[in-house]
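Report on the following structure.
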Amino acid sequence: MEHPADRAPWQTRIRLGGFESFSRIDWPGRRAATIFLRGCPWRCAYCHNPQLQKRTLDTGIQWDHIAAHLEAGRNELDGVVFSGGEATAERCLPEAIAAIRTLGLGVGLHTNGAYPDRLQTLLPLLDWVGFDLKTDYDHYDALSGAPGSAARVTASAKLLLASGIDHEFRLTWHHEVITEESAQLAASFAQHLGVKRFVLQRYRSEGVGASPLAESSEPPTRLIEHMAALFADFEVRGEICALAPGAS
Ligand code: SF4
């Protein structure tokens, strides 16, 4: 482990929220570790990592702890995914990505598209992006709780498609958060952009904490059929990317 005096300044500034040493879900088709970063400007009702919304949370996790795990396990991994919170809220992300590259690992990113300017800078550094598309344009700001999020997401999604980087768009279904019509409009937006892989995620109540939402919400068959017809690669998925209890 590095002596604290040997740490680069970004290693002490980066807001680490958690670390999962192995996942086959967070970057589909790849063996990935996941680094969760703190901070998100949005407040979605179904957030699975609400403890990571605030950048001020002190987890006590150090970068050299994560780096040592990755160094030891890199032969079992294809890459590392940065998740959150909203990973692009972290100003030190380019330095962290460069550090992962020195280990010879690929780099993926989960994003909600809240920061198109930052995403544009990051895209050349990435191998894969999981893009959370939440609803249609007219209902975005209400769902995210952030004025202007619809325009930001639209800009980010266009940048991602224009980059040619491998990606997956995913939308979480809960009937109390999004209507069937809004979900269809969001999927149509993605199809018009040229998205090839689209995932409809089942809402999972684990990790959400105290919530007025119903515990389960099965996507309507008609919605599944509509989406399946739009995309060559479509999946309904039950698993979510969430920080496991007790993970460090
Ligand atoms: S964008 Fe993601 S991390 Fe942020 S509040 Fe919504 S679900 Fe949670």
(request) Using the salt bridge (charged side-chain N to carboxylate O under 4.0 Å, His left out) rule, pick out the option among R13, R55, R15 that qualifies with E90. (result) R55

To the closest 0.5 Å, what do you measure between [atom1] ([X]) and [atom2] ([Y])?
X: I35; Y: S83; atom1: CD1; atom2: OG; value: 10.5 Å
X: Y46; Y: L213; atom1: OH; atom2: CG; value: 10.0 Å
X: Q53; Y: E86; atom1: CD; atom2: CD; value: 12.0 Å
X: N49; Y: C44; atom1: CG; atom2: SG; value: 11.5 Å
X: E20; Y: T34; atom1: CD; atom2: OG1; value: 6.5 Å
X: I14; Y: I61; atom1: CD1; atom2: CD1; value: 11.0 Å

Note, [X] side chain near [Y] side chain (heavy atom, < 4.5 Å):
X: V81; Y: L109; value: no
X: T59; Y: F36; value: no
X: V153; Y: N112; value: no
X: S144; Y: R43; value: no
X: T154; Y: Y137; value: yes
X: C40; Y: L52; value: no
X: H175; Y: E180; value: no
X: W10; Y: L93; value: no

Is it the case that the side chain of [X] and the backbone of [Y] share a donor-acceptor pair, with hydrogens and angles ignored and the cut-off at 3.5 Å?
X: R152; Y: Y115; answer: no
X: R24; Y: R31; answer: no
X: H110; Y: D26; answer: yes

Distance only, no hydrogens: is a donor on one side chain within 3.5 Å (strictly under) of an acceptor on the other, for [X] and [Y]?
X: T172; Y: Q201; value: yes
X: S217; Y: E176; value: no
X: E181; Y: T179; value: no

Considering all heavy atoms, the nearest [X]-[Y] contact:
X: A183; Y: M227; answer: O-CE, 3.6 Å
X: S182; Y: D136; answer: OG-OD1, 2.8 Å
X: Q62; Y: L16; answer: C-CD1, 3.6 Å
X: A155; Y: P116; answer: CB-CB, 3.9 Å
X: L70; Y: A33; answer: CD2-CB, 3.7 Å
X: Y140; Y: A150; answer: CB-CB, 3.6 Å

Test of understanding: clusters of I, L, V, M, F, W, Y form through side-chain heavy atoms closer than 4.5 Å, transitively. Do [X] and [Y] belong to the same one?
X: L161; Y: L185; value: no
X: L123; Y: F169; value: yes
X: V199; Y: L143; value: no
X: V107; Y: I165; value: yes
X: L223; Y: L171; value: yes

(request) For the pair W42 and S149, evaluate side chain to side chain donor-acceptor pair (under 3.5 Å) and give the outcome as yes or no after the intermediate values. (result) CA-CA 9 Å; W42 295 359; S149 52; 4.8 Å; no

Is a salt bridge present between [X] and [Y], judged by a nitrogen-to-oxygen distance below 4.0 Å?
X: R202; Y: E218; value: yes
X: K196; Y: E168; value: no
X: D127; Y: R101; value: yes
X: E235; Y: R170; value: no

(request) Could you give me the CA-CA distance, side-chain angles and deciding distance for T88 and L122, then say whether side chain to side chain contact (heavy atoms under 4.5 Å, CB included) is met? (result) CA-CA 9 Å; T88 62; L122 292 166; 3.7 Å; yes

(request) Indicate the ring-plane relationship of F19 and H69, choosing parallel, tilted or perpendicular according to the 30° and 60° boundaries. (result) perpendicular

(request) Kindly assign one of parallel, tilted or perpendicular to the pair W27 and W128, based on the angle between their ring planes and the thresholds 30° and 60°. (result) parallel

(message) Could you walk me through whether R197 and D233 satisfy the salt bridge (charged side-chain N to carboxylate O under 4.0 Å, His left out) test, starting with their C-alpha distance in whole Å, then the side-chain angles of each, then the deciding distance to 0.1 Å, before giving a yes or no?
(response) CA-CA 5 Å; R197 176 168 170 74; D233 188 355; 3.0 Å; yes

(request) Start with the C-alpha distance between I178 and H139, add both sets of side-chain angles, then the distance that settles side chain to side chain contact (heavy atoms under 4.5 Å, CB included), and finish with yes or no. (result) CA-CA 8 Å; I178 182 171; H139 296 92; over 6 Å; no

(request) Would you check, one step at a time, whether the test side chain to side chain contact (heavy atoms under 4.5 Å, CB included) holds for F234 with L200? (result) CA-CA 8 Å; F234 172 72; L200 181 61; 4.0 Å; yes

(message) F131 vs V195, test: side chain to side chain contact (heavy atoms under 4.5 Å, CB included). Steps then yes/no.
(response) CA-CA 11 Å; F131 195 101; V195 169; over 6 Å; no

